[in-house]
Amino acid sequence: MELSSSGSRIVTNHPGQGQASRTSGHTVGRLSNYAQNQPLTQIREGQVLRGEVTDLRNHEITLTLEDNTTVHARISNASSLSIGDTASFLVDHIVPGRITLEMIPQSQLASENNIIRRVLEESMLPKNEHNQTVVRELIHNQLPINKQSILDMLHLSATNPDIGIKSLALMKKYSIPLTRENMASFESYRNGTHALSSQFSELSDQIGTLLSDSSSLYGTDLASHIGSKVIATLLSSSKPEFLPSAEELTYLDNLSVPESGQKAGETLAELLSGYELSDETVQSIQNHQISLPALAKIILSIKENSTDSNEDGMISTQELLEHPLFKTILEDYQTYQTEHSFIGGFFTGEERAQLLDALENFPLGQAMRQKITDGTASQKETLNIIKNLLSFSKSEDTEKLLSNTQFQTLIKNQFQENFLLTPKKLLAGSNPDSSLIPDYYHQLASQLKEFSSLADTLPKSNLAAAFSETLENTAANISFLNTLNQFYPYVQLPMELPNQTANPDLYVFARKKSSLSDGKPVSVLLRLNLAHLGSLDVHLTIEGNQVTSKFYLNDEEGKRLLKNNISLLREPLNDQGYTLTSEFLKKDQDFDLVKDLIARDAPPAGNIRYNFDIRA
């Protein structure tokens, strides 16, 4: 039975389940019970468990409690334990799918229990498990221990039952404002459910649903307004339209001709001899003065118009298109279109025809129809024209367009372009004077505000309410990220990678007030979860021109892949004057945001008192 958590972070299981062998197939973060007539123990963060160690391997432990409840968990300090030992453990952390325990030495436990009993007796509070957990967290976090502090924590816990005692104590310790939004955000950061990329994905889906259902929900006039407003918001902060540069004319310089001493232009000119090309075009090809789009247009035109009944001495169209040089050009052109958001990069010919069908009754110029047909219209150009046309449409045409799959894809692509970073964007903003990340978050805040304004104008509906709630949660997450950044330089980097969206977390291990350019060593931790590598932590230390990298992951195949390709990182660093050394290590335990980052250098709370004073 997998771990589940709800309410005040209680872990439960269903009686009668978990009948399998205690030593095989268990999952970290699972409870089971072999005594049918006893309920499972409920577990909360901060609680102390006592039981027998019935299994122990690596950093995983199976603990059998007195009521026969078994707890399968992770443990960091298991070196002094053996199977058969009976010991006490603190429930350190609970997240979906994982319980983390910490062994408590008997002497420490006895002393701590005496303090807790005395505190509760003198405050005339019941010595139940919940109250003991509250006092224990006050002790562990070096917070003042008096009657008022205990009552304050009990009140916070009662009014916020879905927030753990541990989170509440930590927020008090580090003076994080105890607003409802901050508490929810802190809990999600500790539980690993804080990813902005997940919230962006939810927003993107909700916008698509809002557009497709708006005609039936709100009528055609409002649907047209919603469509225009969504497009205008997405285009308002997008970068200027891509314009081909002079460098594109050097494309052929980088192409090689397999098994030939000729330049690429000479080979291309020979292959295309006999086809109707102007002398100027042939000369441009021979002199390597033609762009990739112009080359691709020639090849695609030949493909479309040729009947393959070529004259003697001419290479057939089929042979032409299968030549390695032409295949490379067409593949590069596909990548070129995708990178620069031309619709030919992500729509097939059939899909572009379906988009044109949805625009059939709109006053769309012939030139634009042709650009959509051949895929040379850009995404932004297409969306901007649709925005302007929506006010001229009839009701049935509006509904048809807003629910069109290709239109929905255009919206989603533009949303991702605005809300997600890419490796290319990060590389472009890697110089010390770049304001890429601040500008990125300012843009996010601005667009979220624009969408919130739109949501406020919508008539009440379940869809509008869900959209507003997701916008609020996302804005609260970004706001809390700024609050958290007061303790440590930390940023989420929601990214669009090939065939997946990722949410790397970047931590800088340096005091907030110190300069990162003072010559002292700087360490950073980049946390990733990738489709083919799984969970990956990259720890970098930079000192002078020496870069030390440690890659932590569990997948052996992924480890080999990184080792075999580390030159892709080493060579660019060498070019910039840095020397790289690398290690590839097994990931034994997960990074803990509070323990490994915030608490490491944070100042202790003031007014620490362990002797309870009833007069306070």
With salt bridge (Lys or Arg N to Asp or Glu O under 4.0 Å) as the rule and sequence neighbours excluded, what pairs involving residues 394-416 come up?
D357-K400
Residue pairs meeting ring-ring contact (aromatic ring centres under 6.0 Å, His included), one or both in residues 191-232, sequence neighbours left out, come to Y189-H194, F200-F419
Please identify each residue that fulfils ring pair (Phe, Tyr, Trp, His ring centres under 6.0 Å) with F551, with sequence neighbours left out.
F584
Do the side chains of V538 and L525 get nearer than 4.5 Å, heavy atoms only?
no
So, are E450 and K229 salt-bridged, with charged N and O less than 4.0 Å apart?
yes
Pairs touching residues 338-356 that satisfy salt bridge (Lys or Arg N to Asp or Glu O under 4.0 Å), sequence neighbours left out
E339-K424
Summary of salt bridge (Lys or Arg N to Asp or Glu O under 4.0 Å) pairs that have at least one residue in residues 197-218, sequence neighbours excluded
none
Verify the distance criterion only: is there a donor paired with an acceptor across the side chains of S582 and S549 at less than 3.5 Å?
yes
Step through the shown structure and confirm whether more than 12 heavy atoms of other residues, nucleotides or ligands are within 6.0 Å of CD on Q370.
yes
Determine whether the side chains of N418 and Q414 contain a donor N or O and an acceptor N or O closer than 3.5 Å.
yes
Give me each pair satisfying salt bridge (Lys or Arg N to Asp or Glu O under 4.0 Å) with a member in residues 284-298, each pair once, sequence neighbours excluded.
none
Please check if atom CG in D221 has more than 12 non-hydrogen atoms from other residues, nucleotides or ligands closer than 6.0 Å.
no
Should the pair H340 and Y336 be assigned to parallel (<30°), tilted (30 to 60°) or perpendicular (>60°) ring geometry?
perpendicular
Whether H323 side chain and L325 backbone form a donor-acceptor pair below 3.5 Å
yes
